[in-house]
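First the structure, in the form of structure tokens, and then the observations on it.
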Amino acid sequence: MTLNRLFFLAGCLLMGGMLQAQVADKQTYLSEFKKEMTLKWPENRTLNIVVHGHSVPTGYARTPIVNTLQAYPHLVFHALKTQYPYAVLNVITTSIGGEQAEHGETRFKDEVLTHRPDVLFIDYALNDRNIGLERSEKAWRKMIESALAQKLKVILFTPTPDLKENILDDKTPLAGHAEMIRKLAAEYHVGLVDSYKLFKEKAENGEDLHKYMSQNNHPNSAGHSCVAAEILTWFF
């Protein structure tokens, strides 16, 4: 085999790997789920979305206040039911304030999969700074692989801001976790809600992120609304 032929084959393999390592396509990834949400009785069934993570999806605002009805899981639930009035739909939060991904993984089988989710959201990055990238990635991989083994649709979340870190600095701990999650979404070809990028772009445009936060690490209703709007791009 000629040297040129070897280079050509190597290039093909590289391109094939690059094409495979992509975040799932928004237009097609949840197409079957969206179709099911349009079905009327008696053809429909109960559909479950589960949100697994820490204090943000739980709805913690200025601790210890919990604004469940202003948190993104509830906002998404309300929007989906408005768009899909025939759907028998549950949005279930299995999130716990203060928890990181390792703890979330230990209860994943008994407290997450037991709800038989059709779509699973995972949002742990804010608290994963306490365990570091290596341990965090290992826990995320276990949860993703367990979910995919059950043929679930998975959507990963990069973190919402922590005002104690400079979101414009690409070398902060949160920036590192956000990049790790993006790579996992591409590797496993699952969905991604890039909250970190969303708020970083606002900061780059000169917005004061304080107006989206109830305290340094918890979004307020405006912040949750921004995340919910991004989530809904996967459903509409």
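When reading the values below, keep in mind they use all heavy atoms of this one structure, side chains included, and skip hydrogens, waters and symmetry mates.
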> side chain to side chain contact (heavy atoms under 4.5 Å, CB included) between Ile49 and Phe77: does it pass, once the steps are laid out?
Replying inline: CA-CA 9 Å; Ile49 295 173; Phe77 188 20; over 6 Å; no
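- Without hydrogens or angle criteria, Gln100 side chain to Glu102 main chain gives a donor-acceptor distance under 3.5 Å.
- With hydrogens and angles ignored, the 3.5 Å screen pairs a side-chain donor or acceptor of Glu165 with a backbone N or O of Leu174.
- The neighbour count for Arg107 CZ, taken as heavy atoms of other residues, nucleotides or ligands under 6.0 Å away, is above 12.
- Shown here for Gly59 and Ala71, the closest heavy-atom pair between the two residues is CA-CB, 3.6 Å.
- To the nearest 0.5 Å, atom OG of residue Ser136 and atom CG of residue Asn130 are 10.5 Å apart.
- In this structure, the separation between OG1 on Thr106 and CD on Glu111 is 8.0 Å, given to the nearest 0.5 Å.
- Counting only residues at least two apart or in different chains, salt bridge (charged side-chain N to carboxylate O under 4.0 Å, His left out) contacts with residues 66-95 are absent.
- In the hydrophobic clustering of ILVMFWY residues, with side-chain heavy atoms under 4.5 Å counting as a link, Val193 and Met143 come out together.
- Remark: Thr82 engages no residue in a side chain to side chain donor-acceptor pair (under 3.5 Å) (not counting sequence neighbours).
- The salt bridge (charged side-chain N to carboxylate O under 4.0 Å, His left out) contacts involving residues 27-37 comprise Glu36-Arg45, where partners must be two or more places apart or lie in separate chains.
- The salt bridge (charged side-chain N to carboxylate O under 4.0 Å, His left out) pairs that include a residue from residues 55-64 number zero, where partners must be two or more places apart or lie in different chains.
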>> Let's go through Lys197 and Thr158 carefully: what are the C-alpha distance in whole Å and the side-chain angles of both, what is the deciding distance for side chain to side chain contact (heavy atoms under 4.5 Å, CB included) to 0.1 Å, and is it a yes or a no?
In response: CA-CA 8 Å; Lys197 179 181 178 182; Thr158 62; 5.8 Å; no
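- Side-chain heavy atoms closer than 4.5 Å link hydrophobic residues (I, L, V, M, F, W, Y) into clusters, and following such links, possibly through other members, connects Leu113 to Phe33.
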> Can you list the steps and then say if Arg141 with Glu187 is a salt bridge (Lys or Arg N to Asp or Glu O under 4.0 Å)?
Replying inline: CA-CA 10 Å; Arg141 285 185 181 277; Glu187 177 182 339; 2.8 Å; yes
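- Within a 6.0 Å radius of CD in Glu134, no more than 12 heavy atoms belonging to other residues, nucleotides or ligands are found.
- Residues Glu204 and Glu201 meet the side-chain proximity criterion, which asks for heavy atoms closer than 4.5 Å.
- Formation of a donor-acceptor pair under 3.5 Å by the Arg129 side chain with backbone atoms of Leu126 is found in this model.
- Put simply, the side chain of Asn217 never gets that close to the backbone of Asp162: no donor and acceptor are under 3.5 Å apart.
- In this structure, Leu168 CG and Leu209 CG are separated by 8.0 Å, a value rounded to the nearest 0.5 Å.
- Pairs of residues two or more places apart, or lying in two chains, that qualify as ring-ring contact (aromatic ring centres under 6.0 Å, His included) and include a residue from residues 86-119 are His52-Phe108.
- Using a 4.5 Å heavy-atom threshold, the side chains of Thr38 and Asn44 count as separate.
- Taking CE from Met180 and CD from Glu137, the interatomic distance works out to 6.0 Å, rounded to the nearest 0.5 Å.
- Closest heavy-atom contact between Leu152 and Pro117: CD2-O, 2.8 Å.
- Pairing each heavy atom of His54 with each of Ser95, the nearest pair is O-CB, 3.4 Å.
- Under the ring pair (Phe, Tyr, Trp, His ring centres under 6.0 Å) criterion, Phe199 pairs with Tyr212, not counting sequence neighbours.
- Residues forming a side chain to side chain donor-acceptor pair (under 3.5 Å) with Asn220 (at least two apart in sequence, or on another chain): none.
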>> Applying side chain to side chain contact (heavy atoms under 4.5 Å, CB included) to Thr93 and Thr58, what does each step give before you reach the verdict?
In response: CA-CA 7 Å; Thr93 54; Thr58 306; 6.0 Å; no
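- Of all the heavy atoms in His224 and Pro219, the pair that sits closest is CD2-O, 3.6 Å.
- Sorted by first and then second residue, the side chain to side chain donor-acceptor pair (under 3.5 Å) pairs involving residues 173-184 (not counting sequence neighbours) are Glu179-Arg182, Arg182-Asp194.
- Using a 4.5 Å heavy-atom cutoff, the side chains of Val56 and Tyr124 are not in contact.
- Applying the side chain to side chain donor-acceptor pair (under 3.5 Å) test to Asn166 and every residue at least two apart in sequence or in another chain returns nothing.
- Side chains of Leu156 and Tyr188 form no contact here, defined as non-hydrogen atoms less than 4.5 Å apart.
- A distance of 10.0 Å separates CH2 of Trp234 from NZ of Lys153, quoted to the nearest 0.5 Å.
- Between Leu30 and Ile155 there is a side-chain heavy-atom pair separated by less than 4.5 Å.
- A continuous path of ILVMFWY side-chain contacts below 4.5 Å connects Leu89 to Val154, so both sit in one hydrophobic cluster.
- Taking each heavy atom of Trp140 and Ala125 in turn, the nearest pair found is CZ2-N, 3.9 Å.
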>> I'd like to know whether Asp25 forms a side-chain hydrogen bond (donor to acceptor under 3.5 Å, both in side chains) with Thr28, so could you lay out the CA-CA distance, the side-chain angles of the two residues, the decisive distance to 0.1 Å, and finally the verdict.
In response: CA-CA 6 Å; Asp25 178 40; Thr28 60; 3.2 Å; yes
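- The other residues sharing a hydrophobic cluster with Tyr60 are Val66, where clustering joins ILVMFWY side chains under 4.5 Å apart.
- Within the structure, salt bridge (charged side-chain N to carboxylate O under 4.0 Å, His left out) contacts touching residues 220-236 (residues at least two apart or in different chains) are Lys26-Glu230.
- At least one donor-acceptor pair under 3.5 Å links the side chain of Asp208 to the backbone N or O of His210.
- Judged as a side chain to side chain donor-acceptor pair (under 3.5 Å), the pairs with a partner in residues 68-78 (not counting sequence neighbours) are, in order, Tyr72-Asp123.
- Atom-to-atom distance recorded for Lys138:NZ and Leu133:CG is 15.0 Å, nearest 0.5 angstrom.
- Residues Leu232 and Phe157 share a single hydrophobic cluster, defined by chaining ILVMFWY side chains whose heavy atoms lie under 4.5 Å apart.
- Hydrophobic clustering (ILVMFWY, side-chain heavy atoms < 4.5 Å, transitive): Leu75 and Ile122 are in distinct clusters.
- Taking 4.5 Å as the limit, every side-chain heavy atom of Ser146 sits out of range of all side-chain heavy atoms of Lys109.
- Closest approach of Tyr84 to Phe235, counting heavy atoms only: OH-O, 2.8 Å.
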>> Could you walk me through whether Asp118 and Asn48 satisfy the side-chain hydrogen bond (donor to acceptor under 3.5 Å, both in side chains) test, starting with their C-alpha distance in whole Å, then the side-chain angles of each, then the deciding distance to 0.1 Å, before giving a yes or no?
In response: CA-CA 5 Å; Asp118 297 280; Asn48 292 330; 5.2 Å; no
> Going through the distances and angles, do Leu148 and Val190 end up as a side chain to side chain contact (heavy atoms under 4.5 Å, CB included)?
Replying inline: CA-CA 9 Å; Leu148 294 180; Val190 298; 4.0 Å; yes
